[in-house]
Amino acid sequence: MFHARRPRSPLDTCLTVIWTVQASAGPRSLERVLPSGTAQFVINLAENRTRSYDHRQGFRCTENAGSLLGGPRTGYEIIDTDEQTNVVGACVAPGGLAFLAAPPAAAFAECDVPLDALWGHHVVDRLRTRLCEARSPAARLDALEAALLAQWRDRALHPAVACALETFARRPAVSTVRDAVEAAGVSARHLIDRFTAQVGLTPKRFCRVRRFQRAIALAHSGQAEEWAAIAADCGFADQSHLVHEFRAFAGLPPSAYLDHRTPHRNHVTFLQDDAPPAA
């Protein structure tokens, strides 16, 4: 049972959605979580830990904090579905970490950071307690929103970064880093440095991941009968370019994404050959 809403002002400047999931536990399995290029706050209330599995090291399990900030990623993660039965979270808008965390967003790229390290142990414990005591999904979202608002700081994105994000959003299929540089009126190096610091990814990698996200959004909605058309609509050079990017970001071809997609477009069930030994 999934509930979500757009946060109230001023959080709507840096978060796209806050959400909560409560579900009955099913058979344990693993899922591939595809990269979105943006960060996400996640608090696992079923148990005070999260787990990830490294497919490059024999699916070695790594335990992380139960409350964490998942930084902007360009690679897929492997998670345990046992951890999706009682969770709350918030999705950060591109550049939104500048309003919610002190270090540059680049410091959080490709990693998970315990919320204790950002907010302090007592703040996180108090939030977990309030979330567990909440009597409705709306009350949970209110509690999370209040905690995030307490961390919000009235900062501003660098003008060149704000201009680049606007350029990429206005024409997502065709905008290039050169377009952003020209729109911002700065040097390429200046834009790349500021953008990477505040968004967490270089402009080029950000555009690649967002283009990939546009493609899976179309595929997930049932428009994948013609991959060549999706490639053209999303700004790929051709269908082979789209396949290459699928493999780079999802670790699988587009056809396998369709075969193993779930109700959540960024979650893909594991191929049978991928599965690790039972825990």
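Values below: every heavy atom of this structure, side chains too, minus hydrogens, waters and symmetry copies.
Side chain of T269 to main chain of H260: a donor-acceptor pair is present (N/O by atom type, distance under 3.5 Å, no hydrogens or angles). In this structure a side-chain-to-backbone donor-acceptor pair under 3.5 Å is present from D179 to T176. Looking only at distances, no side-chain donor or acceptor of E245 sits under 3.5 Å from a matching main-chain atom of R208. The main-chain N or O of D193 is never found under 3.5 Å from a side-chain atom of T196 such that the two would form a donor-acceptor pair. Judged by distance alone, with hydrogens and angles left aside, the side-chain atoms of Y53 form no donor-acceptor pair with the main-chain N or O of E77 at under 3.5 Å. The backbone N or O of P94 lies less than 3.5 Å from no partner atom in the side chain of T38, so there is not a single donor-acceptor pair. With hydrogens and angles disregarded, no donor-acceptor distance shorter than 3.5 Å links the side chain of R265 to the backbone of P263. The backbone N or O of A180 sits nowhere less than 3.5 Å from a side-chain atom of T167 that would complete a donor-acceptor pair. With hydrogens and angles ignored, the 3.5 Å screen pairs a side-chain donor or acceptor of H158 with a backbone N or O of A160. Looking only at distances, no side-chain donor or acceptor of S175 sits under 3.5 Å from a matching main-chain atom of P172.
For V161 against L191, the heavy-atom pair with the smallest separation is N-CD1, 4.4 Å. The two atoms that bring I230 and L242 nearest to each other are CG2-CD1, 3.8 Å, heavy atoms only. The nearest pair of heavy atoms linking N44 to N86 is OD1-O, 3.6 Å. C91 approaches W19 most closely through the heavy-atom pair SG-NE1, 3.8 Å. Scanning both residues, F195 and L201, for their nearest heavy atoms gives CD2-O, 3.2 Å. The shortest heavy-atom contact between A231 and D238 is CB-O, 3.7 Å.
Cation-pi geometry between R210 and F168 is not met at under 6.0 angstrom from the ring centre and within 45 degrees of the axis. Judged by the 6.0 Å and 45° rule, R32 forms a cation-pi pair with Y76.
Within the model, atoms NE2 of H241 and SG of C234 stand 11.5 Å from one another, a figure rounded to the nearest 0.5 Å. Interatomic distance, CZ of F249 versus CD1 of I216, reported as 11.0 Å (0.5 Å rounding). The OG1 atom of T50 sits 10.5 Å away from the CG atom of D80 when rounded to the nearest 0.5 Å. Of the inter-residue distances, the one linking L157 atom CG with Q198 atom CD reads 5.0 Å to the nearest 0.5 angstrom. Expressed to the nearest 0.5 Å, how far CG of L11 lies from CG of L144 amounts to 9.0 Å. Rounded to the nearest 0.5 Å, atoms SG (C163) and CZ (R194) are 15.0 Å apart.
E63 has a carboxylate O that lies under 4.0 Å from a charged side-chain N of R49, or vice versa, which qualifies the two as a salt bridge. With respect to the salt-bridge test (charged N to carboxylate O, under 4.0 angstrom), the residues R8 and D142 qualify. Using a 4.0 Å cut-off between a side-chain N of Lys or Arg and a carboxylate O of Asp or Glu, E166 and R170 qualify as a salt bridge.
Applying the salt bridge (Lys or Arg N to Asp or Glu O under 4.0 Å) test to every pair with at least one member in residues 111-128, sequence neighbours left out, gives these pairs: R73-D112.
Residues L68 and W119 are members of separate hydrophobic clusters, defined by side-chain heavy-atom contacts under 4.5 angstrom among Ile, Leu, Val, Met, Phe, Trp and Tyr.
In the hydrophobic clustering, I79 connects to V33, either directly or through intervening members, whenever side-chain heavy atoms lie under 4.5 Å apart.
Aromatic rings of W227 and F236 (six-membered ring for Trp) have centroids beyond the 6.0 Å cut-off, not under it. Taking the six-membered ring for Trp, H220 and H267 have ring centres at least 6.0 Å apart.
Under the 4.5 Å side-chain criterion, counting only non-hydrogen atoms from C-beta, R140 is in contact with L45.
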### Task
Decide yes or no on side chain to side chain donor-acceptor pair (under 3.5 Å) for T262 and E31, but give the supporting numbers first.
CA-CA 9 Å; T262 71; E31 285 185 349; 4.9 Å; no
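Counting non-hydrogen atoms of neighbouring residues, nucleotides and ligands closer than 6.0 angstrom, the NE2 atom of H244 reaches no more than 12 such neighbours. Crowding of R130 atom CZ: a count of heavy atoms from other residues, nucleotides or ligands under 6.0 Å not exceeding 12.
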